[in-house]
Amino acid sequence: MAQREPSNGQIAAAFDELGDLYELDGAIVHRVVAYRAAAKAVREATVSVAGLARQGRATDIKGIGKTLQEKIVDLAETGTIPAAERLKAKYPPGLVELTHLPGLGAKRARLLHDELGVDSVESLRAAALAQQVRAVKGLGPKFEERILQVLAEPPEDPATRSPARVILPRAKEIAEEVAGALRERAPAGSEVLIAGSVRRQADSVKDLDLVATTTAPDQLAASLAALEQIDSVSSAGEAGARGLTHAGIPVELRIAAPPQRGNLLQHLTGSGAHNAALREVAVRAGRHISEYGVLDDATGVTTTCAEEQEVYRLAGLPYIEPELREDRGELQAARDGTLPKLITLADIRGDLHSHTHASDGHNTIEEMGTAARERGYQYFAITDHSASHGFGNAVSPEQLERQIELVAEANERVGGIELLAGSEVNILPDGSLDYDDELLARLDWVVASVHTSFAIGERAMTERMITAIEHPLVDMIAHPTGRLIERRAPYAVDLDAVFEAAARTGTLLEINGNPDRRDLSDSAARAAAAAGVTIVIDSDAHRVRTLENMRWGVATARRAWLTAGQVANTRSLAQLRKLRKRARRRAG
DNA sequence: GCCGTTTTCGGCCCGACTGTTTTCAGTCG
């Protein structure tokens with residue numbers, strides 16, 4: 001193959017762009033929506049969609065049909081999509097950019113183009129300043145003013161439309177502060193609940209959604225402006241209020257009468273795609289779901305629901321957990337009765353990835369072990385970095401031997417929990433490890449992971465990972481894709497091949513609970529489990545406080561549809577030990 | 001352009017807000 005395969009990100013971007021172009025061209029909205037849905041599906045895919053398309057299997061992905069599969073093949077073989085080239089010749093790139101401005105969409109961009117020859121941010125600004133925009137039929141002075149305001153907005157380029165997303169713990173913390181402050185100001189009996197992507201426990205969040213029930217809606221909505229977390233409020237009434245935190249995160253507060261609490265909570269929890277799909281299911285059953293109730297076609301009666309369960313029941317479905325509401329097959333599973341019983345934090349019986357001040361952690365073995373015991377764990381692995389970590393405080397082989405003794409001593413002193421002597425060993429670029437086998441064989445728990453040389457290319461990285469996975473003494477691979485949420489993309493690696501090797505060898509793959517990582521991701525962990533891989537959820541704690549990160553790993557596991565049975569560290573230590581490769585080998 | 005407990009054709013959520021309108025179109029979530 002002469003040409004490098006387009007990445008999933010590149011394919012998704014091409015579909016988003018093609019959607020924008022078709023929208024400018026006046027295509028029916030469903031076609032445009034189909035492109036955007038396909039872009040999202042490709043972006044979430046864990047394997048090379050270009051590779052799938054070449055084999056004719058991209059249509060297995062929901063949202064990709066024969067036409068889009070052909071376009072992916074075109075993109076892979078020629079570097080472009082003919083339809084996109086044709087449309088790009090028709091509409092200048094600046095025009096597409098205009099459709100991303102707030103308040104402007106395809107229709108108005110096209111109108112400005114046809115009437116005034118506007119084809120860029122610059123020419124739009126000039127037309128608005130010359131008061132030509134207000135003269136266009138259908139537009140007016142208010143719209144023109146708004147345009148100038150939008151174009152003047154510092155500091156970001158208004159055309160990039162990329163509001164910073166906040167990782168989940170930060171978003172959750174602010175949401176809880178705002179909700180708590182609202183509760184304090186609300187009359188007795190009021191309720192303030194967190195909805196939206198925070199409730200779905202997404203990797204990151206772009207706005208905060210709150211649902212309140214109260215007897216004094218005007219008063220509650222007005223009180224949002226008075227909160228110390230809130231910078232400004234753009235609207236407030238009995239239906240709710242919208243504001244901006246000092247960190248620039250939009251907050252939407254919606255208020256319902258108590259009997260409609262379930263309808264509004266369901267609506268505002270989303271996701272948008274889940275709600276749209278749920279409402280389609282309901283329509284087929286002759287019902288119409290909105291945030292106000294469920295309208296029955298046959299009787300003309302709208303039923304309100306105090307609880308979300310009731311909304312789903314009226315759609316003919318069992319309750320669906322918030323973490324599953326991403327339109328990733330949950331409605332089908334609900335109908336078929338195959339929704340998983342999701343793992344919870346309470347199912348976790350041990351943590352198998354942690355650091356002490358022997359490497360880059362901040363507490364002693366004893367402090368970490370005691371804190372783990374206080375969390376109710378039965379076992380806890382100390383896995384400091386190996387010799388070639390490269391970020392200081394590397395543990396030499398001699399130091400690791402000493403560490404094994406220290407863990408054994410701490411185990412005596414702490415009591416009530418089994419401390420395991422382990423290591424997080426570097427996977428070198430050729431797939432080898434940086435301790436010798438004799439030393440590794442003495443450890444209770446061997447974690448291997450990549451910390452250097454991320455950009456060696458997909459083939460080399462895949463071979464590197466598989467070599468480590470096939471190592472008989474490696475129990476688990478930590479943070480298998482190296483991603484950092486909102487900061488660093490996963491390194492190029494063939495996850496299908498990694499999952500196959502892990503399943504074949506009985507090597508466990510981690511969901512790392514560090515909220516910047518959550519690696520494997522939800523969709524990758526789901527694919528891994530489907531491939532027969534057993535998952536471990538860890539905190540990767542570097543101090544006592546971050547043992548708490550286990551919860552973000554569990555959140556990702558829930559979004560990955562995982563049950564307790566698919567996660568190794570929900571088992572007793574005796575059962576966990578039987579899972580280890582070396583035990584399986586002995587058992588034959 | 002996708003998809004199938006009605007379907008290989010004919011559908012494809014629901015409502016708020018804004019600004020332009022005189023009954024609605026466009027945009028947004």
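Only this structure's heavy atoms are used, side chains among them; waters, hydrogens and symmetry mates stay out. Every chain is numbered from 1, with letters handed out A, B, ... down the list of sequences. Values in this document were obtained by computation on a predicted structure and should not be read as measured data.
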Reckon [X] touches a base, only the sugar-phosphate, or nothing at all at heavy-atom distances under 4.0 Å?
X         : answer
Lys62(A)  : sugar-phosphate
Arg284(A) : base
Leu139(A) : sugar-phosphate
Pro250(A) : nothing
Val33(A)  : nothing
Ala106(A) : sugar-phosphate
Ile28(A)  : base
Gly138(A) : sugar-phosphate

Legend entry - Minimal non-hydrogen separation, Glu326(A) against His274(A), with atom names: N-CB, 4.1 Å

Inset, instruction - Could you tell me which non-hydrogen atom of Ala128(A) sits nearest to which non-hydrogen atom of Ile147(A), and how far apart they are? - result: CB-CG2, 4.3 Å

Legend entry - Arg328(A) with Asp522(A): basic N within carboxylate O range, under 4.0 Å: yes

Legend entry - Electrostatic pair Asp25(A)-Arg86(A), nearest N-O below 4.0 angstrom: no

Inset, instruction - Determine which nucleotide pairs with dC24(B), using a 3.5 Å limit on both distances of a Watson-Crick or G-U wobble pair. - result: dG19(B)

Expressed in angstrom and rounded to an integer, what is the separation of [X] atom [atom1] from [N] atom [atom2]?
X         : N       : atom1 : atom2 : value
Tyr22(A)  : dG1(B)  : OH    : P     : 4 Å
Phe143(A) : dT27(B) : CZ    : P     : 8 Å
Ile61(A)  : dC2(B)  : CD1   : C1'   : 14 Å

